[in-house]
**Student:** 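I have a structure here, written as structure tokens, and I will follow up with some questions on it.
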Amino acid sequence: MGEFWPVTDVLAHLDGSWRVERSVRDLASGAQGRFTGTTVFGPLEEPGAPQGLLHQESGTFVWQGTPRPAERTLRFLPGPSPATALVQFSDGRPFHDLDLSTGRYVADHPCAADLYRGEFTVRDENRWRTVWRVGGPAKDLVLTTDYTRLF
């Protein structure tokens, strides 16, 4: 196909378990970190919530040689078309939109005075990547995450 792999149904595509490898670079200090773990996209089972997926990530984050357990939870809700989703934090606050109809999407998320800009690229049915560039007075980071489907 091309450089990117179009996704016709985001929630169906993400459903399941993924191996996660993330590098974190602090461009201001030169410090680097690494997260390894898994992300499970499973049914969102909350009373009154629309059908969607619960994104649960867990693993180990090593920053400046110190390993720590790390986890996060997001909600992926149906968007206006099957190729799209609305991504929320676990408490329901909006995070960003997602449209993988072309296999590539750029999303912005303002956070206080900082701006998170994420680029999502789908390589094929079993591999995708996010690159978040975080800039502002408080942060100057690049977070690159590779996802590989677990069978």
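None of these values were measured; they are calculated from a predicted model.
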**Student:** Using the side chain to side chain contact (heavy atoms under 4.5 Å, CB included) rule, take Leu54 and Arg75 through it: C-alpha gap first, then chi angles, then the decisive distance, then the call.
**Tutor:** CA-CA 5 Å; Leu54 188 65; Arg75 297 164 41 165; 4.1 Å; yes

**Student:** Write down the atom of Val10, the atom of Thr84, and the distance for their closest heavy-atom approach.
**Tutor:** CG2-N, 3.8 Å

**Student:** About how many Å separate CZ of Arg34 and CZ of Arg25, when rounded to the nearest 0.5 Å?
**Tutor:** 12.0 Å

**Student:** Identify the heavy atoms of Tyr116 and Lys139 that sit nearest to each other, and give their distance.
**Tutor:** OH-NZ, 2.7 Å

**Student:** Would a hydrophobic clustering, with Ile, Leu, Val, Met, Phe, Trp and Tyr connected at side-chain separations under 4.5 Å, put Phe61 with Val40?
**Tutor:** no

**Student:** If you compare all heavy atoms of Gln32 against all heavy atoms of Trp63, which two are closest, and at what distance to 0.1 Å?
**Tutor:** C-CZ3, 3.5 Å

**Student:** Applying salt bridge (charged side-chain N to carboxylate O under 4.0 Å, His left out), name anything that partners Asp140, two or more places apart in sequence or on another chain.
**Tutor:** Arg133

**Student:** What is the ring orientation for Trp18 with His13, classed by angle as parallel under 30°, tilted 30 to 60°, or perpendicular over 60°?
**Tutor:** tilted

**Student:** In terms of ring plane angle, is the pair Phe41 and His55 parallel, tilted or perpendicular, where the classes change at 30° and 60°?
**Tutor:** perpendicular

**Student:** Any heavy-atom pair between the side chains of Thr144 and Glu21 that's under 4.5 Å?
**Tutor:** no

**Student:** For the pair Tyr147 and Arg19, evaluate side chain to side chain contact (heavy atoms under 4.5 Å, CB included) and give the outcome as yes or no after the intermediate values.
**Tutor:** CA-CA 6 Å; Tyr147 297 84; Arg19 171 101 177 122; over 6 Å; no

**Student:** With no hydrogens and no angle check, is any side-chain donor or acceptor of Arg149 less than 3.5 Å from a backbone partner on Glu125?
**Tutor:** yes

**Student:** For residues Pro67 and Gly65, report the shortest heavy-atom separation together with the two atoms involved.
**Tutor:** CD-O, 3.4 Å

**Student:** List in chain and number order the residues that pass side chain to side chain donor-acceptor pair (under 3.5 Å) with Arg104, two or more places apart in sequence or in another chain; answer none if no residue qualifies.
**Tutor:** Glu119

**Student:** Measure from the ring center of Phe89 to the ring center of His109 and say whether it is less than 6.0 Å.
**Tutor:** yes

**Student:** In the hydrophobic clustering that connects Ile, Leu, Val, Met, Phe, Trp and Tyr at side-chain heavy-atom distances below 4.5 Å, which members other than Val62 occupy its cluster, ordered by chain and number?
**Tutor:** none

**Student:** Rounded to the nearest 0.5 Å, what separates atom CG in Asp9 from atom CG in Asp15?
**Tutor:** 9.5 Å

**Student:** Could you give the distance from CZ (Arg22) to CZ (Arg129), rounded to the nearest 0.5 Å?
**Tutor:** 12.5 Å

**Student:** Any side-chain heavy atom of Pro137 sitting closer than 4.5 Å to one from Asp114?
**Tutor:** yes

**Student:** Determine the minimum heavy-atom distance between Phe76 and Ala85, stating which atoms define it.
**Tutor:** CD2-CB, 4.4 Å

**Student:** Go through the structure and list residues passing salt bridge (charged side-chain N to carboxylate O under 4.0 Å, His left out) with Arg117, not counting sequence neighbours.
**Tutor:** Asp108

**Student:** With sequence neighbours excluded, tell me which residues meet ring-ring contact (aromatic ring centres under 6.0 Å, His included) with Phe35.
**Tutor:** none

**Student:** Applying the 4.5 Å side-chain criterion to the ILVMFWY set and letting contacts propagate, would Val134 and Val131 be lumped into a single cluster?
**Tutor:** no

**Student:** Ring-plane angle category for Phe120 and Trp132, please: parallel below 30°, perpendicular beyond 60°, tilted otherwise.
**Tutor:** perpendicular

**Student:** Mind checking salt bridge (charged side-chain N to carboxylate O under 4.0 Å, His left out) for Asp124 and listing every partner two or more places apart, or none if nothing turns up?
**Tutor:** Arg127

**Student:** Between OG1 of Thr121 and OH of Tyr105, what distance do you get to the nearest 0.5 Å?
**Tutor:** 14.5 Å

**Student:** Tell me the closest heavy-atom pair linking Pro6 and Ser101, and the distance in Å.
**Tutor:** CB-O, 3.1 Å

**Student:** Are Asp97 and Leu86 close enough, and set up right, to give a side chain to side chain contact (heavy atoms under 4.5 Å, CB included), and what steps lead you there?
**Tutor:** CA-CA 5 Å; Asp97 295 340; Leu86 305 173; 3.3 Å; yes

**Student:** Is there side-chain contact between Leu44 and Leu77, with at least one heavy-atom pair below 4.5 Å?
**Tutor:** yes

**Student:** Could you state whether Leu74 and Leu100 fall into the same hydrophobic cluster, counting links through intermediate Ile, Leu, Val, Met, Phe, Trp or Tyr residues with side-chain heavy atoms under 4.5 angstrom apart?
**Tutor:** yes

